[in-house]
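Just so you know, these numbers come straight off a predicted model, no measurement behind them.
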There are 2 protein chains.
Amino acid sequence: MVPPAIAPRRRAPLDRRRILEAALRLIDEHGLAELSMRRLGAELDVQAMSLYRHLPNKQAVVEGVRDLIFTELAQLRPAATEEESWDAGLTAMARAFRGICRRHPHALVLFATDVDRAYAASSSFYEPTLTSLVGAGFTEDDAADAVRIVVRYVLSSELLTAAVTTTPNPLTNEEVTRLGEQRPLTGHLVRSLRTRPPATLEDPGFALIVAGLRARLPSR
Amino acid sequence: MVPPAIAPRRRAPLDRRRILEAALRLIDEHGLAELSMRRLGAELDVQAMSLYRHLPNKQAVVEGVRDLIFTELAQLRPAATEEESWDAGLTAMARAFRGICRRHPHALVLFATDVDRAYAASSSFYEPTLTSLVGAGFTEDDAADAVRIVVRYVLSSELLTAAVTTTPNPLTNEEVTRLGEQRPLTGHLVRSLRTRPPATLEDPGFALIVAGLRARLPSR
DNA sequence: ACCTGAACACCGTTCAAGT
DNA sequence: ACCTGAACACCGTTCAAGT
């Protein structure tokens with residue numbers, strides 16, 4: 001009845017899932033550019049070369065992380081109910097999608113590839129909105145276009161915002177004044193950049209798209 | 001009357017402008033990720049270390065390239081005429097802006113920073129469109145928002161498109177069929193990804209924004 | 001004044017070797 | 001079976017040295 005001699009284990013054994021979760025953690029915290037095989041190894045208390053036992057190369061790591069996020073989106077679900085109007089449903093979908101974008105701002109570039117798999121992996125997320133659009137009188141084609149345009153709008157806006165938020169070297173007040181004398185309306189626009197930052201334009205921009213869709217809806 | 005002895009020169013002397021133009025050339029041809037100080041040196045028949053005589057570091061190279069493109073945009077001018085309607089002018093502006101995006105797809109990320117300087121450097125490009133919007137009855141604020149929303153829409157769409165265009169591992173027909181059985185409308189959407197690729201959605205999406213703006217215009 | 005060679009601290013990845 | 005050390009070909013950048 002000697003208990004089996006278990007070697008004291010310093011750490012959990014490496015596996016694909018643990019590696020990918022650590023990679024997502026690193027990306028969320030420090031950005032995609034900071035992800036290196038050596039750092040990822042260090043995060044897991046392992047030499048970088050050990051990772052190659054479980055994943056063929058760095059690209060495979062990045063793709064694995066992307067799939068992890070797709071799965072997360074599928075879990076989400078806009079609070080769309082049956083009686084909800086099509087525009088409220090579309091808005092809820094856009095907000096939820098934006099939510100997941102903002103949880104992983106550094107990983108957004110990964111959303112741009114394998115779009116068909118992204119929609120398929122998160123079909124439970126998209127289907128209610130599409131149903132409500134078709135119920136409101138849009139054709140299946142127009143409903144698909146509407147959802148795709150909205151998803152593209154949110155994703156690309158977030159991508160742009162995530163690309164850079166800082167303006168390291170802003171125009172001085174004198175420069176803005178001089179611009180305003182030469183081109184008054186562009187001067188006004190540049191001043192508006194300060195009072196209304198990019199983030200405050202995303203909802204108005206989205207509202208324009210919805211208004212455009214409404215104008216296009218066959219009168220009931 | 002001895003002619004001054006001119007040492008035979010293997011190459012033009014290095015200067016900031018020549019370096020930046022070579023960098024833009026490399027970015028346009030091979031992408032931002034492929035730009036390295038060593039490659040840039042090689043392109044100019046010089047050791048990488050020589051570049052540091054003219055530019056403090058790699059970031060300065062990248063910022064210099066961005067300014068080069070801003071200047072290029074300022075030269076452009078939408079063919080807006082006085083009698084043109086506001087929506088035709090806005091559309092022309094969007095098309096011209098998209099044109100410059102497509103000339104430097106690999107450099108698009110650089111557009112996301114120093115937005116105020118970008119508008120100021122290209123004010124001659126934006127002012128006519130803004131004038132036409134205000135002439136049509138939009139307030140200065142609404143005109144500024146309209147232009148900013150459109151510029152953001154075009155830039156972010158192009159950014160998303162440039163991020164990745166390939167789908168290395170597309171869904172098989174069986175996978176799409178199975179999806180269609182479970183979620184018919186998402187299935188339809190995924191099928192539409194093939195018949196109507198992303199590029200064909202940019203103009204409809206932009207048309208929705210214009211339609212939304214029109215709905216918002218105070219009735220004359 | 002302008003360019004370079006050697007060096008440092010980083011990459012991703014391969015491969016033979018350790019346990 | 002799983003992990004590692006040494007090595008290779010790359011980075012950006014510094015600094016003392018060459019012309």
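If you measure from atom CG of B:L44 to atom C1' of C:dC3, you get 13 Å, rounded to the nearest angstrom.
Taken from CZ in A:F97 to CD in A:E158, the straight-line distance is 9.0 Å, to the nearest 0.5 Å.
Here the side chains of B:V61 and B:R66 are not in contact, with every heavy-atom distance at 4.5 Å or above.
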Go along nucleotides 6-19 of chain C 5' to 3' and tag each nucleotide: B for a protein heavy atom under 4.0 Å from its base, S when only backbone or sugar atoms are that close, - otherwise. BB---BBBB-----
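Other residues, nucleotides and ligands contribute over 12 non-hydrogen atoms within 6.0 Å of the CZ atom of A:R102. Counting non-hydrogen atoms of neighbouring residues, nucleotides and ligands closer than 6.0 angstrom, the CD atom of A:E29 exceeds 12 such neighbours.
Figure legend. D:dC10 is base-paired to no nucleotide; pairs are counted as Watson-Crick or G-U wobble with both atom distances under 3.5 Å. Pair assignment for C:dG18: D:dC2, on the basis of Watson-Crick or G-U wobble contacts that are both within less than 3.5 Å.
Defined by atom type and a distance below 3.5 Å, a donor-acceptor pair is missing between the side-chain atoms of A:E63 and A:T113.
Contact check on A:R95 versus A:D203 returns a salt bridge, with a Lys/Arg side-chain nitrogen under 4.0 Å from an Asp/Glu carboxylate oxygen.
Residue B:S50 has a polar side-chain atom (N or O) positioned under 4.0 Å from OP1 or OP2 of C:dT4.
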